Amino acid sequence: MTGSPMPSYHPKAIEPKWQRYWDEHQTFRTSDHPASPQQRKFYVLDMFPYPSGSGLHVGHPEGYTATDILARYRRMQGWHVMHPMGWDAFGLPAEQHAIDTGEHPAINTERNVQNFKRQIKMLGFSYDWQREVNTTDPEYVRWTQWIFLQIYDTWFDPVAKKGRPIAELPIPDEVRRRGPDEVARYQDAHRLAYQAEVPVNWCPALGTVLANEEVIDGKSERGGHPVIRMPLRQWLMRITAYAERLLEDLNLVDWSESIKKMQRDWIGRSEGAEIDFPLAAEGGELTAHDGVATPRADGLSIRVFTTRPDTLFGATYMVLAPEHSLVGQITTSAQRQAVEDYQRAAASKSDLERTDLAKTKTGVFTGAYAINPVNGRLLPVWIADYVLASYGTGAIMAVPGQDERDWEFAEVYGLPIIRTVQPPEGWSGKAYLGDGPAINSGFLNGLQVEEAKARMIDHLVEKGIGRRKVNYKLRDWLFSRQRYWGEPFPILHELDDEGRPTGRMRPVEDADLPVRLPDLADFKPTGNPEGPLVKATDWLYVMIDGKRYRRETNTMPQWAGSCWYYIRYLDPRNAERFCDPEKARYWLPVDLYVGGAEHAVLHLLYARFWHKVLYDRGHVFCPEPFQKLVNQGMILGENNEKMSKSRGNVISPDKVVDEYGADSMRLYEMFMGPLEAVKPWSMRGVEGVYRFLSRVWRLVVDERAENVCLNDSVQDVEPDRELLRALHRTIQRVTEDLDDLRFNTAIAAMMEFTNLLTPLSIRPHRVLETFVLLLSPFAPHIAEELWSALGHSQSLAYEPWPQFDPDLVKADEIEVPIQVNGKVRSRLTVPAGTGEEQLRELALADERIQSFIGGKKIVKVIVPRGQLVNIVVAG
RNA sequence: GGCCGCGUGGCGGAAUGGCAGACGCAGGGGACUUAAAAUCCCCUCUCCGGUUACGGAGGUGCGGGUUCGAGUCCCGCCGCGGCCA
């Protein structure tokens with residue numbers, strides 16, 4: 001605060017004052033219960049930030065301002081508003097800092113949180129800080145671990161299509177007969193949280209595995225370190241079991257089509273068939289000339305998934321992913337060396353590199369042949385890295401005639417190409433993917449693609465060599481990380497007398513949660529896949545009932561805490577449960593969720609998945625967590641480029657607030673353009689809204705006085721009809737724009753109204769009061785100050801939102817343009833509500849119009865909604 | 001390569017199929033001032049005619065279409081952005 005005199009607009013003096021007022025009066029504390037049964041609830045949520053060391057950037061306040069305006073608006077409309085904030089505070093930068101400096105990540109994190117909180121509070125957001133959560137808080141971690149155990153305790157019943165307690169999993173008799181260990185193994189294999197040996201992206205530099213999404217171009221998303229593929233035993237979440245519901249329930253939510261589509265594409269549902277191709281006995285290629293191929297004695301076959309079973313007659317070779325388990329068994333001795341060399345080379349490539357369409361296809365023949373089950377044709381079996389082990393069955397039937405990549409591969413290696421769909425006349429391309437009649441396809445000939453698919457599947461089912469199958473691109477979620485700064489898994493591994501794991505696991509009892517992170521002197525990665533927690537030898541071993549256990553040393557990924565924070569806000573200090581069911585029932589789903597589009601797929605998919613498991617297990621009561629979702633657009637630098645330190649175009653909120661105040665910052669970010677649009681920053685623009693706020697200030701306050709007191713023009717008089725109409729029109733525009741999240745045009749409406757008020761020498765007190773209320777959600781500090789200057793002793797935060805009178809909004813007279821053949825030629829000024837017939841007559845009688853239509857034939861006259869006349873003349 | 005979104009003044013942007021360019025920025029002129037800043041008032045899409053008043057023509061990336069009427073709807077192209085490959 002500077003000691004400068006108050007009468008001119010001085011945000012630095014008024015903003016901290018009102019922030020203190022709101023804090024001291026707990027103005028925005030949200031009660032657990034509605035004031036009356038009629039009160040509507042409104043849960044408006046921001047994507048909580050990762051408190052990085054560099055502090056807030058101007059992108060954060062964009063979404064936060066939008067939600068804050070709506071929260072304040074709804075409060076004034078009498079709604080029961082939930083508007084919380086917290087910290088997504090586990091993450092790699094804090095751990096890296098710890099590795100570099102030896103300082104515990106919690107200390108660094110706390111410092112960053114304090115800085116973020118200071119910056120957020122300086123913008124005057126109306127959060128209920130009593131509900132602040134921090135994902136690294138042991139009391140929060142406790143419930144993240146508890147939810148993990150809920151998921152661990154759940155299996156997916158494919159018949160009921162829902163998650164059920166593992167105790168309800170039917171155990172087959174043969175499993176039961178083999179004893180309790182087998183039963184436990186069977187259960188473990190069905191849990192939604194399970195361990196499996198999977199090929200992972202191991203990043204030696206970070207000392208951790210990474211999810212596919214965290215690997216970009218073979219390098220880690222954070223840090224850009226090289227990543228290699230290797231098989232490791234990891235925790236996974238069976239999100240694939242929920243694929244269908246995650247897809248289906250997108251129909252229940254009010255999200256933009258583009259975000260829904262991104263989620264749908266990520267889930268990647270496709271319908272097709274699974275087909276078994278028997279492998280031919282060695283030397284089978286010799287018998288092919290006789291048209292008889294002999295299957296291998298051991299009956300081995302290759303199972304493929306295809307979305308185009310109609311093209312089966314066009315299969316001319318087969319491809320296995322280099323990692324496919326059959327490769328070793330079927331490769332002939334002559335090909336073994338080449339195959340093994342190729343497998344090694346493929347292991348060092350990322351999926352992205354392998355499947356790049358532009359890349360020249362490579363592969364190696366295994367020496368083996370499979371038999372096409374529909375025509376007995378022998379198909380050479382290759383391995384190639386363009387086939388991924390993780391998609392479908394990790395094997396394909398190659399149909400070059402109808403698949404671009406197969407065509408390319410066939411060209412490179414001189415494999416035969418058979419078209420099975422007739423391309424349109426004049427087709428000059430290679431593979432033809434479109435519709436058309438089947439050719440070279442036996443009993444399918446002449447059928448269009450869809451019909452041919454159905455007929456082929458029927459045929460496969462009848463012969464017992466294939467089945468209808470739905471496939472998803474979605475993979476199970478790799479849930480473990482070899483890091484320190486994350487939630488420990490609440491899982492104990494049983495050890496035998498020699499200290500070797502028995503393979504039996506037990507979850508930590510609820511009463512013993514949270515499993516806290518042990519303190520470490522050294523946070524460096526161990527360089528082996530066990531993670532830094534193995535160094536905490538005191539923490540690592542546990543004795544229970546005379547048995548020795550070793551704690552799980554993996555930690556959870558950063559996504560874990562953000563999967564359920566919106567629930568914890570509702571009951572943040574509950575020590576008995578993760579959330580009181582009555583509170584969850586009352587507040588959920590979130591009515592409006594605002595955040596960056598970078599979370600459009602993963603965060604939202606993971607959070608929806610956890611929500612659905614909690615829903616199935618009876619802990620939450622609505623199928624979807626986020627009813628309406630809005631993605632704010634990115635704010636670019638003043639040079640129209642993405643803001644970044646390296647480009648030197650970063651705008652600091654601290655600086656903006658220091659120069660112009662929080663209200664100008666808020667107002668500018670909302671005035672820049674539509675919330676969802678990408679838009680460049682402009683300091684001149686900030687100055688523009690600052691000038692607007694100064695003008696508003698001067699409408700009310702006497703600048704010449706020593707203290708804040710009313711301008712002489714503010715008088716206790718009734719507004720004239722014209723001013724009253726403009727006021728009500730402004731109320732209408734601001735209200736309707738707020739309902740539709742059109743903040744930029746709402747602000748424009750208020751600017752127009754002040755432009756009208758500025759030249760007036762008498763400004764009715766009542767009109768200014770109403771206007772200040774309209775402005776208050778956008779620029780709350782100046783609004784509070786003016787409200788107080790207008791004679792009120794309490795905050796305006798719960799003043800009723802102004803209502804407009806629809807009759808008053810209507811103008812007495814309107815101007816009606818008259819067009820001739822669509823061009824405006826004249827205008828009429830008529831009383832509002834003049835009938836169409838009368839408008840038509842007035843228009844035709846108009847002198848200027850006469851000169852345009854004179855002598856011409858009038859074809860018709862159109863008077864839409866009595867607002868315009870268009871006269872259509874011939875010639 | 002596929003899918004999605006977007007192309008409007010010098011700039012950010014406004015326009016339920018109905019007067020294109022609201023509002024703001026930048027720019028120009030004026031008032032106030034010893035002066036400057038601040039503030040207030042006026043002008044500001046392009047071209048043509050006119051001293052003025054004003055009138056006319058064109059104009060929303062390009063080309064077509066639907067319609068009495070298209071920035072808005074449809075088809076094709078070009079450019080930019082995002083997501084996926």
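Here is how names work: the chains are called A, B, and so on, in the same order as the sequence lines, proteins then strands, and each is numbered from 1. Just so it is clear, the structure is predicted and the values come from calculations on it, not from any experiment.
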| request: State whether a side-chain donor-acceptor pair under 3.5 Å links N711(A) with D702(A). | output: no
| task | Sticking with atom C1', work out how far rC19(B) lies from rC83(B), rounded to a whole angstrom. | result | 40 Å
| task | Report the residues that fulfil ring pair (Phe, Tyr, Trp, His ring centres under 6.0 Å) with F778(A), sequence neighbours left out, ordered by chain and then residue number. | result | none
| field | Distance in angstrom units between W407(A) CH2 and rG1(B) C1', rounded | value | 17 Å
| task | Tell me whether the centres of the aromatic rings in F409(A) and Y386(A) are closer together than 6.0 Å. | result | yes
| field | Pairing residues for R691(A) by the side-chain hydrogen bond (donor to acceptor under 3.5 Å, both in side chains) criterion, not counting sequence neighbours | value | none
Between the protein and nucleotides 56-61 of chain B, list the N/O to N/O atom pairs that are separated by less than 3.5 angstrom.
{"from": "rA57(B)", "atom 1": "OP1", "to": "R825(A)", "atom 2": "NH2", "distance (Å)": "3.2"}
{"from": "rA57(B)", "atom 1": "OP2", "to": "R825(A)", "atom 2": "NH1", "distance (Å)": "3.2"}

| salt bridge (charged side-chain N to carboxylate O under 4.0 Å, His left out) between K12(A) and D658(A), intermediate numbers included | CA-CA 7 Å; K12(A) 267 193 186 160; D658(A) 184 55; 2.8 Å; yes
| task | Quick one: list whatever passes side chain to side chain contact (heavy atoms under 4.5 Å, CB included) with K473(A), sequence neighbours left out. | result | Y391(A)
| request: Under the salt bridge (charged side-chain N to carboxylate O under 4.0 Å, His left out) rule, collect the residues that match up with E837(A), sequence neighbours excluded. | output: R840(A)
| C1' atom, rU51(B) versus rC40(B): distance in rounded Å? | 31 Å
| request: Starting at atom CZ of F692(A), determine the distance to atom P of rC23(B), rounded to an integer number of angstrom. | output: 13 Å
| field | Qualifying residues under ring pair (Phe, Tyr, Trp, His ring centres under 6.0 Å), relative to F771(A), sequence neighbours excluded | value | F753(A)
| query | Is the shortest distance from a Lys or Arg side-chain nitrogen in E752(A) or R733(A) to a carboxylate oxygen in the other one below 4.0 Å? | reply | yes
| said: Suppose we screen for ring pair (Phe, Tyr, Trp, His ring centres under 6.0 Å). Which residues come up paired with H57(A), at least two apart in sequence or across chains? | reply: H60(A)
| C1' atoms of rG61(B) and rA70(B), separation to the nearest Å | 16 Å
| note | note: I267(A), atom CD1; rC84(B), atom C1'; distance rounded to Å ~ 14 Å
| said: Only Watson-Crick and G-U wobble pairs, only distances under 3.5 Å, only runs of 3 or more: what stems does that leave for RNA chain B? | reply: B:1-7 with B:78-84, B:10-12 with B:23-25, B:27-31 with B:39-43, B:45-49 with B:54-58, B:61-65 with B:73-77
| query | Looking across every strand, which nucleic acid part, if any, lies under 4.0 Å from N870(A) by heavy atom: base, sugar-phosphate, or nothing? | reply | base
Counting only pairs under 3.5 Å, give me each side-chain donor-acceptor contact of residues 683-690 of chain A, with atom names and distances, residues two or more places apart or in other chains.
{"from": "E687(A)", "atom 1": "OE1", "to": "Y660(A)", "atom 2": "OH", "distance (Å)": "3.2"}

| remark: Here the gap from L868(A) atom CG to E815(A) atom CD, rounded to the nearest 0.5 Å, amounts to 11.5 Å
| query | If you check the V872(A) side chain, which of rC68(B), rC4(B), rU39(B) turns out closest? | reply | rC68(B)
| note | note: R666(A), atom CZ; rG24(B), atom P; distance rounded to Å ~ 21 Å
| With a 4.0 Å cut-off, would you call R848(A) and D846(A) a salt bridge? | no
| field | Separation of atom CD in E257(A) from atom P in rC3(B), rounded to whole Å | value | 17 Å
| Separation of rG2(B) C1' from K473(A) NZ (nearest whole Å) | 10 Å
| request: Measure the OG1-CZ distance between T730(A) and F804(A) for me, rounded to the nearest 0.5 Å. | output: 11.5 Å
For nucleotides 7-15 of chain B, which of its nitrogen or oxygen atoms have a protein nitrogen or oxygen under 3.5 Å away, and what is each distance?
{"from": "rG12(B)", "atom 1": "O2'", "to": "M672(A)", "atom 2": "O", "distance (Å)": "2.7"}
{"from": "rA14(B)", "atom 1": "OP1", "to": "N744(A)", "atom 2": "ND2", "distance (Å)": "2.9"}

| field | Under the side-chain hydrogen bond (donor to acceptor under 3.5 Å, both in side chains) test, residues paired with E598(A) that sit two or more places apart | value | none
| field | Distance between P atoms of rA36(B) and rG13(B) (Å, rounded) | value | 35 Å
| task | Please determine, for the side chain of I862(A), which listed nucleotide (rC68(B), rG24(B), rA22(B)) has the closest atom? | result | rC68(B)
| task | Report the distance from atom CG of L756(A) to atom C1' of rA22(B), rounded to the nearest whole Å. | result | 15 Å
| query | Taking OH from Y9(A) and P from rU39(B), how many angstroms apart are they, rounded to a whole number? | reply | 14 Å
| rU8(B) and rC45(B), which share atom name C1', separated by this distance in whole Å | 11 Å
| message | Between rG64(B) and rG59(B), how many Å separate the two P atoms, rounded to a whole number? | response | 12 Å
| said: Rounded at 0.5 Å granularity, tell me how far OH in Y668(A) sits from CD1 in I747(A). | reply: 11.0 Å
| Pick the nucleotide of RNA chain B nearest each of R698(A) and V601(A); which residue has the one closer to the 5' end? | R698(A)
| Roughly how far apart, to the nearest Å, are rC32(B) and rA38(B) at atom C1'? | 11 Å
| request: Indicate for each nucleotide in nucleotides 25-31 of chain B, in 5' to 3' sequence, whether protein heavy atoms under 4.0 Å reach the base (B), only the sugar-phosphate (S), or nothing (-). | output: SS-----
| query | Is any side-chain nitrogen or oxygen of K860(A) closer than 4.0 Å to OP1 or OP2 of rC68(B)? | reply | yes
| remark: Syn within 90° of 0, anti beyond: rG76(B) is anti
| C1'-based separation of rU72(B) from rG7(B) [nearest Å] | 13 Å
